[in-house]
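Inspection log for the structure reproduced underneath, given as structure tokens.
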Amino acid sequence: MKRTQVAIVGAGPAGLLLGQLLHKEGIDTLILERRSADHVAGRIRAGVLEQGTVDVLERAGVASRLHAEGLIHDGVEIGFRGRRHRIDLKALTGKSVTVYGQTEVTRDLMNARAASGAPSVYEAEDVALHELGESSARVTYWHQGVAHEVACDFIAGCDGFHGVSRRSIPTSALKIFERVYPFGWLGVLADVPPPWKELIYANSERGFALASMRSPTRVRCYLQCSLEDRVENWTDEQFWDEFRRRIGEELAAVVPTAPSIEKSIAPLRSFVAEPLRFGRLFLAGDAAHIVPPTGAKGLNLAVSDVLYLYEALSGHYREKTASSLDAYSPRCLRRIWRAERFSWWMTRQLHRFTDDAFGTHMQQTELEYLFESQAAQTSMAENYVGLPFSGYGEKW
Ligand SMILES: Cc1cc2nc3c(=O)[nH]c(=O)nc-3n(C[C@H](O)[C@H](O)[C@H](O)COP(=O)(O)OP(=O)(O)OC[C@H]3O[C@@H](n4cnc5c(N)ncnc54)[C@H](O)[C@@H]3O)c2cc1C
């Protein structure tokens with residue numbers, strides 16, 4: 001049987017980043033990924049990085065292209081009743097966010113992993129976790145028709161919402177908190193220079209729209225859609241027509257009808273599984289929690305979990321005590337719930353909910369208050385740029 005110190009399940013941003021941080025600390029890892037490397041590298045997802053995320057990527061030694069190509073944004077805009085209101089993140093908090101696609105973060109991490117020589121197995125089938133409560137855990141999987149077994153000290157479950165890790169924990173040992181929203185986001189990616197300088201979140205009577213970008217030549221735009229909707233129902237022309245109706249008159253005139261290079265529908269959900277540890281298994285990223293993308297927190301939260309897990313594991317190997325491992329879940333959960341609250345709040349204020357006249361009044365009142373009150377804008381801004389990480393060894 002092969003052996004490694006930490007078996008990492010999943011080569012999304014969480015698994016790859018954890019592998020890179022642990023490798024730099026001299027800790028052995030094996031990454032097991034169900035899909036092919038090409039599939040992982042091509043997945044279109046998040047694109048807004050908090051400063052704390054950029055700092056962790058720097059620490060992992062994978063931020064040089066991010067610094068060269070990432071777009072620094074000092075503000076975001078909210079469109080409501082035909083007017084756009086700018087939230088000046090930089091003036092209110094001293095911080096900015098960086099627009100840099102998750103595909104690029106993943107590519108940088110995959111390149112670093114390959115350069116390090118640390119092992120990754122793509123297209124690993126039937127990954128299964130064993131003996132999580134024992135003195136040593138095991139992972140089994142199939143690769144190219146051959147069965148494999150690996151003994152390890154710990155397993156990092158970085159395999160996303162649909163992965164095997166969380167499902168390997170007895171249901172009696174987990175508390176699940178969930179809210180499913182009655183709509184999804186239809187997203188389009190197109191190779192065209194964005195006619196807007198910063199992200200615009202629009203609350204329109206026809207539903208939510210988001211004008212966003214991934215680079216100076218690539219836009220990413222979203223429309224609130226019904227959960228029953230299908231990508232096939234939307235031609236590119238229909239998408240951009242509806243987008244123009246929602247984004248506001250001023251911008252509508254300059255929105256291009258660009259051919260999409262990717263189009264997808266994602267349901268919106270809030271989800272937390274507590275705790276993030278079961279014996280030798282530690283959950284991180286989407287394996288433990290989901291936020292609706294409105295607050296741009298999913299990827300950033302995966303990165304803060306990974307930083308905390310890296311500090312817990314390296315602290316354990318350095319100090320030979322259990323205290324850093326015991327602190328992992330409560331430390332993560334404090335930040336997770338704050339990001340859940342903010343993502344829920346953003347979603348609540350910006351989308352159209354049917355049959356909720358009282359809720360609609362509350363939403364309008366909340367947005368008007370936001371546009372008039374610097375205190376309310378500061379609160380939104382400090383959450384949007386990312387709340388601070390708690391320090392290693394701090395009481396949380
Ligand atoms: C369609 C979509 C759009 C999104 N858009 C945004 C956005 O605009 N903004 C934002 O902030 N966030 C967004 N998110 C969320 C963000 O992308 C995630 O929070 C982030 O990818 C979490 O990283 P992760 O590594 O924890 O999980 P993932 O990226 O999901 O990676 C998990 C990995 O584990 C692998 N895996 C799964 N099961 C197994 C198994 N049994 N064995 C081995 N490997 C396995 C998967 O193939 C995957 O590579 C989006 C998510 C989705 C799904």
Side-chain angles (χ1 to χ4, degrees), residues 7-20 30-50 53 97-103 105-106 109-110 120-129 139-143 155-168 184-189 199 201 210 212-214 220-222 231 262-271 273 276 282-306 309 332 336 339-340 342-343 346-347 384 386:
I8 299 174
V9 187
L16 288 165
L17 179 60
L18 181 66
Q20 178 67 6
L30 168 67
I31 295 183
L32 298 174
E33 165 60 49
R34 186 177 56 171
R35 311 301 294 256
S36 70
D38 284 348
H39 178 94
V40 170
R43 246 177 340 215
I44 308 296
R45 288 184 173 177
V48 177
L49 308 184
E50 298 170 356
T53 295
V97 292
T98 304
V99 170
Y100 189 68
Q102 182 170 330
T103 38
V105 173
T106 305
L109 285 165
M110 287 174 98
S120 311
V121 179
Y122 286 90
E123 300 181 73
E125 293 168 49
D126 295 331
V127 172
L129 320 185
V139 180
T140 54
Y141 62 97
W142 286 79
H143 186 237
I155 300 172
C158 302
D159 48 353
F161 185 65
H162 300 288
V164 65
S165 297
R166 193 181 64 253
R167 281 187 281 119
S168 304
W185 277 18
L186 168 67
V188 155
L189 191 71
L199 272 69
Y201 293 80
L210 171 58
S212 158
M213 68 283 281
R214 290 292 181 266
R220 178 69 163 160
C221 295
Y222 296 95
V231 168
E262 194 263 358
K263 202 184 281 166
S264 53
I265 290 181
L268 265 62
R269 179 195 301 270
S270 299
F271 176 95
L276 279 75
F282 295 84
L283 302 177
D286 278 15
H289 44 76
I290 296 287
V291 283
T294 330
K297 291 283 164 263
L299 175 58
N300 292 298
L301 214 44
V303 168
S304 56
D305 286 358
V306 165
L309 184 51
C332 287
I336 290 166
E340 291 283 350
F342 179 65
S343 304
M346 286 280 282
T347 305
Y384 195 84

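Both counts, for ligands and for their atoms, begin at 1 and track the order of listing.
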Atom CG in Leu49, atom CD in Gln102: separation rounded to 0.5 Å?
-> 9.0 Å

Roughly how far, to the nearest 0.5 Å, is the CD1 atom of Ile8 from the CZ atom of Phe282?
-> 13.0 Å

Ligand 1 to Leu32, heavy atom cutoff 4.0 Å, flagged ligand atoms 43 (C), 44 (N)

By number and element, which atoms of ligand 1 are closer than 4.0 Å to a non-hydrogen atom of Cys158?
-> 32 (C), 33 (C), 34 (O)

Nearest to atom 25 (O) of ligand 1, what protein heavy atom do you find, and at what distance?
-> Ala14 N, 2.9 Å

Per-atom contacts, ligand 1 versus Gly163 - under 4.0 Å to a heavy atom = 38 (N)

Of the choices Ala46, Gly10, Ala288, Ala284, which has the non-hydrogen atom that lies closest to atom 13 (C) of ligand 1?
-> Ala46

Please work out whether the ring planes of Tyr222 and Trp185 are parallel, tilted or perpendicular, with thresholds of 30° and 60°.
-> tilted

For Val164, the ligand 1 atoms whose distance to one of its heavy atoms is below 4.0 Å | 41 (N)

Name the closest protein heavy atom to atom 18 (C) of ligand 1, giving the residue it belongs to and the distance to 0.1 Å.
-> Asp286 OD2, 3.2 Å

Write out the residue and atom name of the closest protein heavy atom to atom 31 (O) of ligand 1, then the distance separating them to 0.1 Å.
-> Gly12 CA, 3.4 Å

Is Arg34 close enough and on-axis enough to Tyr141, meaning under 6.0 Å and within 45°, for cation-pi?
-> no

Considering all heavy atoms of both residues, which atom of Arg220 and which atom of Arg214 are nearest to each other, and what is their separation?
-> CG-NH2, 3.6 Å

For Arg35, is at least one N or O under 3.5 Å away from an N or O on ligand 1?
-> no

When you look for heavy atoms under 4.0 Å from ligand 1, do you find them on the side chain of Ala124, its backbone, both, or neither?
-> neither

In terms of its nearest heavy atom to atom 48 (C) of ligand 1, the top option of His39, Arg34, Arg43, Lys297 is Arg43

So which of Val306, Thr106, Asp305 actually passes side chain to side chain contact (heavy atoms under 4.5 Å, CB included) with Leu17?
-> Val306

Under the side chain to side chain contact (heavy atoms under 4.5 Å, CB included) rule, what do Glu50 and Val303 come out as? Steps first, then yes or no, please.
-> CA-CA 10 Å; Glu50 298 170 356; Val303 168; over 6 Å; no

Between Val9 and ligand 1, is there a nitrogen or oxygen pair with a distance under 3.5 Å?
-> no

Would you please name every residue forming a side chain to side chain contact (heavy atoms under 4.5 Å, CB included) with Ser343, sequence neighbours left out?
-> Val291, Pro292, Lys297

Looking at side-chain heavy atoms only, is the closest gap between Val127 and Asp159 below 4.5 Å?
-> no

Of all heavy-atom pairs linking Pro293 and Leu268, the shortest is CD-CG, 3.7 Å

Look only at interatomic distance and state if Phe161 has a nitrogen or oxygen under 3.5 Å from any nitrogen or oxygen of ligand 1.
-> no

What atoms of ligand 1 come within less than 4.0 Å of a heavy atom belonging to Ala296?
-> 11 (O)

Does Gln102, backbone or side chain, put an N or O under 3.5 Å from an N or O of ligand 1?
-> yes

Looking only at protein heavy atoms, which one is nearest to atom 8 (O) of ligand 1, and how far off is it?
-> Tyr222 OH, 3.4 Å

Quick one: nearest non-hydrogen protein atom to atom 52 (C) of ligand 1, plus distance?
-> Arg45 NE, 3.5 Å

Starting from the C-alpha separation in whole Å, work towards a yes-or-no answer on side chain to side chain contact (heavy atoms under 4.5 Å, CB included) for Arg35 and Glu33.
-> CA-CA 6 Å; Arg35 311 301 294 256; Glu33 165 60 49; 3.4 Å; yes

Heavy-atom contacts with Gly285 under 4.0 Å: which atoms of ligand 1 show up? List them by number with element.
-> 26 (O)

Can you tell me which residue and heavy atom of the protein come closest to atom 11 (O) of ligand 1, and the distance to 0.1 Å?
-> Gly298 N, 3.2 Å

Quick one: do Tyr384 and Val48 satisfy side chain to side chain contact (heavy atoms under 4.5 Å, CB included)? Show the steps, please.
-> CA-CA 10 Å; Tyr384 195 84; Val48 177; 4.2 Å; yes

Which option, Leu301, Val127, Asp159, owns the non-hydrogen atom nearest atom 36 (N) of ligand 1?
-> Asp159

among protein heavy atoms, the one nearest atom 35 (C) of ligand 1 is Glu33 OE1, 3.2 Å

Check Ala41 against Met110 and note the closest heavy-atom contact, atom names and distance.
-> CB-SD, 3.9 Å

Specify the protein heavy atom at minimum distance from atom 1 (C) of ligand 1: its residue, its atom name, and the distance to 0.1 Å.
-> Ala266 CB, 4.0 Å

Under a 4.5 Å cut-off applied to non-hydrogen side-chain atoms, are Thr53 and Thr98 in contact?
-> no

Contacting atoms of ligand 1, where contact means under 4.0 angstrom from a heavy atom of Gly160 | 27 (O), 30 (O), 32 (C)

